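Bear in mind that the values here come from a model prediction, so they are computed numbers and not experimental data.
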Amino acid sequence: MKNRWLRNATAFARADFRAFLRNREAVFWTFFFPIFFMVLLGLVFGNAQVIDLKVGVVNADSGEASANLTQLIDGAPNVRVEQFAANESAAAALTNGDINVYLVIPADYTARVASSQSPNGSNGTPPAVLDVYFAADTTGNGRVALTVVVQILSGVNNALVQTNPVLVPNPHEVQVTKGRYIDYLVPGIIGMTLMFNGVFAIAGVMTTMRQKGILRRLKVTPVSKSAILAALITTRMVITFLGVLLILLVGVVGFGVSLQGNPIILVGLIILGSLSFTTFGFAVSSYAKTIESAESMANVVTMPMMFLGDVFLPVALMPAFMQPIAGALPLRYLTEALRDVGLNGAGLVEIVWPVLGVLVWGTAGFFLAVYLFRWE
Amino acid sequence: MPAIEIKNLVKRYGELVAVNGLSLEVEERQIFGILGPNGAGKTTTLEIVEGIRDPDEGEVHILGLDRAMKKAEIKQIIGVQLQATATPDRLTVRETIDLFGTFYDRHLPTDEVISHVQLEAKADDFVEKLSGGQQQRLAIGLALVNDPKIIFLDEPTTGLDPAARRNLWEVIENLRKAGKTVVLTTHYMEEAERLCDIVAIMDQGKIVAKDTPAGLIRSLGESQAIEFSPSQPVAAADLEGLPSATKVQVADGTVSVFTTDPGATMHALIEKSTKDGFKVEGLRLRSASLEDVFVSLTGRRLRE
């Protein structure tokens with residue numbers, strides 16, 4: 001019995017996969033459409049942050065020395081300074097990838113520099129500690145910027161001609177998800193592929209099989225329905241993994257994206273994401289009467305997510321009223337988890353929330369799909 | 001043991017009673033035809049027997065197996081061609097037959113199925129590229145993959161051109177030679193006459209007559225009919241007085257006068273038409289057919 005189930009499922013999956021490969025249009029949309037997007041955007045915006053380093057300065061001191069320091073940094077090659085009023089705004093800019101590093105100049109900076117210059121006060125004065133926060137992104141730009149800042153500070157020290165350093169940089173590493181645009185883009189494109197394969201492919205194949213009466217014909221054979229469903233889901237999963245591999249290949253070889261994180265967690269995320277979106281596909285196919293309406297509905301489900309789901313555009317850059325909506329989308333949770341693991345090497349504990357988000361959506365989709373499901 | 005035994009089958013769709021207390025027995029090794037107009041309940045009956053639908057009332061036994069209890073066993077020994085058989089896209093004839101074969105515990109070699117339905121030349125073509133007749137032959141081939149004891153064919157030749165229809169008849173006749181039991185529905189009387197050992201005439205969810213085609217025609221009492229379309233409506237009662245006429249049927253503007261002496265009746269008919277002032281159009285003499293049996297049983301024609 002079990003043996004027959006497996007044999008039937010395998011035979012059906014093989015036929016389904018073969019039929020997919022013969023469908024040029026489907027192959028194009030599944031494999032080359034995401035790659036096309038990625039290459040296009042990657043070529044235009046991919047290295048956007050490599051050439052210039054952006055250094056944020058939070059200057060609590062109104063004295064002349066701090067202004068000189070800021071100017072000195074701004075004058076360094078390939079460096080641009082951006083001023084921030086408060087630590088919080090600089091930190092947000094850093095995590096968003098808008099700046100690579102930021103420096104906090106304490107309020108007594110000018111005073112300390114001045115006292116170090118006075119003939120008798122030098123050795124007794126404790127050095128000024130400058131907090132430097134740098135982005136630990138995949139591009140290494142954060143570390144480069146840190147080095148630049150540290151070099152400038154040591155230059156200032158040397159100029160002050162003291163035995164004890166007057167300025168002591170205090171580096172802080174900050175985990176950020178955004179490096180170059182292409183680094184940001186690759187996990188997004190992977191998420192998008194999972195979504196399209198789950199929603200579109202399943203909705204398409206199920207609606208076609210029902211509308212054309214293929215499911216009715218199968219009903220009069222001894223093949224079990226669960227074997228057919230399992231075969232369809234498995235085939236889409238295999239196709240999804242092939243698509244992901246292709247995206248990674250182009251990303252890593254073509255754009256030098258470096259892949260972090262535990263591969264097992266990544267594979268698990270891809271399976272979880274695929275299955276979650278598959279439930280949407282089944283729900284759409286059961287709700288829609290015709291292939292055309294299934295396609296339109298799949299569009300309604302996927303298109304807003306494609307643009308709001310943190311694929312091409314960070315949610316943080318969207319208008320404020322959009323952010324809570326975009327942030328709650330299943331694709332957003334998935335791309336967030338994929339980025340945390342794939343770019344920053346996050347472990348399971350660090351992606352609990354986005355994974356939970358995907359799970360909640362997947363479970364809701366599952367019950368909806370089961371509730372709506374029909375064979376005829 | 002009958003191949004199929006149906007008792008008091010009832011199927012309702014809301015107000016509509018599609019099958020209305022139907023009982024039927026089909027013996028083994030026959031081609032059994034269910035003849036009836038569209039909407040008579042043929043397909044619904046077949047789909048209940050095949051296991052696609054469940055009846056509201058009644059019982060079905062297939063080779064002694066209770067349909068309600070032994071669905072899995074029954075599926076192994078029946079072959080089904082649905083009215084519109086669809087197969088997965090982008091597979092060849094051979095791949096499709098292979099796939100369906102794996103669903104059964106026991107199945108015929110794919111090449112044997114292909115030769116049964118004469119698709120050797122098309123074996124490696126995609127199914128969607130086949131002509132209507134070839135697709136229908138594949139549908140029958142798929143009904144044969146498990147070497148079934150009973151084969152159900154639902155309107156196998158509907159929509160086919162005459163050549164494709166004759167070709168399909170040959171395939172079906174070969175099934176009888178192979179000792180299969182075939183149950184087919186049709187609304188083509190010539191198909192029922194040519195293929196079927198037994199014909200059941202179905203109307204409004206019930207079997208109204210069941211016999212061999214010859215037996216059914218014999219039940220009319222006469223074997224010849226004068227058929228014509230009058231230029232204005234003529235009452236059947238007016239024509240019953242024609243010499244040698246035994247029965248008059250009027251259906252959809254076509255009049256059939258059954259007669260024991262066609263010459264005398266026709267002569268009198270022409271005279272009467274001149275006297276009563278109507279024209280006799282499309283006059284012809286023909287043999288009585290299952291169509292006449294249907295009209296005499298129901299007062300309507302098979303096809304509108």
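- For chain A, the option among B:Gln76, B:Lys75, B:Glu50 with the highest count of heavy-atom pairs below 4.5 Å is B:Lys75.
- With chain A as partner, the option from B:Leu82, B:Thr96, B:Leu142 having the largest number of non-hydrogen pairs under 4.5 angstrom is B:Leu82.
- Of the atoms belonging to A:Leu218, it is side-chain heavy atoms, and not backbone ones, that fall under 4.5 Å from chain B.
- Interface residue B:Thr102: backbone and side-chain heavy atoms are both found under 4.5 Å from chain A.
- Side-chain N/O atoms of B:His116 and B:Asn174 include no donor and acceptor closer than 3.5 Å.
- Not a single donor-acceptor pair under 3.5 Å links the side chain of B:Gln134 to the backbone N or O of B:Lys122.
- Under the side-chain hydrogen bond (donor to acceptor under 3.5 Å, both in side chains) criterion, the residue pairs touching residues 63-73 of chain B are B:Asp54-B:Arg67, B:Asp54-B:Lys71, with sequence neighbours excluded.
- For B:Leu99, the part lying near chain A is the side chain, with the backbone staying farther off; criterion is any non-hydrogen pair under 4.5 Å.
- The choice from A:Arg216, A:Met209, A:Arg14 that makes the most heavy-atom pairs within less than 4.5 Å of chain B is A:Arg216.
- Comparing A:Lys219, A:Arg18, A:Arg22 by how many heavy-atom pairs each has under 4.5 Å with chain B, the most go to A:Arg22.
- With hydrogens and angles disregarded, a donor-acceptor distance shorter than 3.5 Å links the side chain of B:Gln136 to the backbone of B:Pro156.
- Only the side chain of B:Phe100 has a heavy atom closer than 4.5 Å to any heavy atom of chain A.
- Within a 6.0 Å radius of CZ in A:Phe312, more than 12 heavy atoms belonging to other residues, nucleotides or ligands are found.
- For a residue to count as touching a neighbouring chain, one of its non-hydrogen atoms must lie under 4.5 Å from one of that chain's; by this rule A:Thr10 does not touch chain B.
- Centroid-to-centroid, the aromatic rings of A:Phe373 and A:Trp375 come within less than 6.0 Å.
- Contact of A:Phe20 with chain B is not made at all, since no heavy-atom distance falls under 4.5 Å.
- Using a 4.0 Å cut-off between charged nitrogen and carboxylate oxygen, B:Asp147 and B:Lys180 count as a salt-bridge pair.
- We find the CG-CD1 distance between A:Leu43 and A:Ile182 to be 8.0 Å, quoted to the nearest 0.5 Å.
- Contacts between B:Ile74 and chain A at a heavy-atom distance below 4.5 Å are absent for every atom of the residue.
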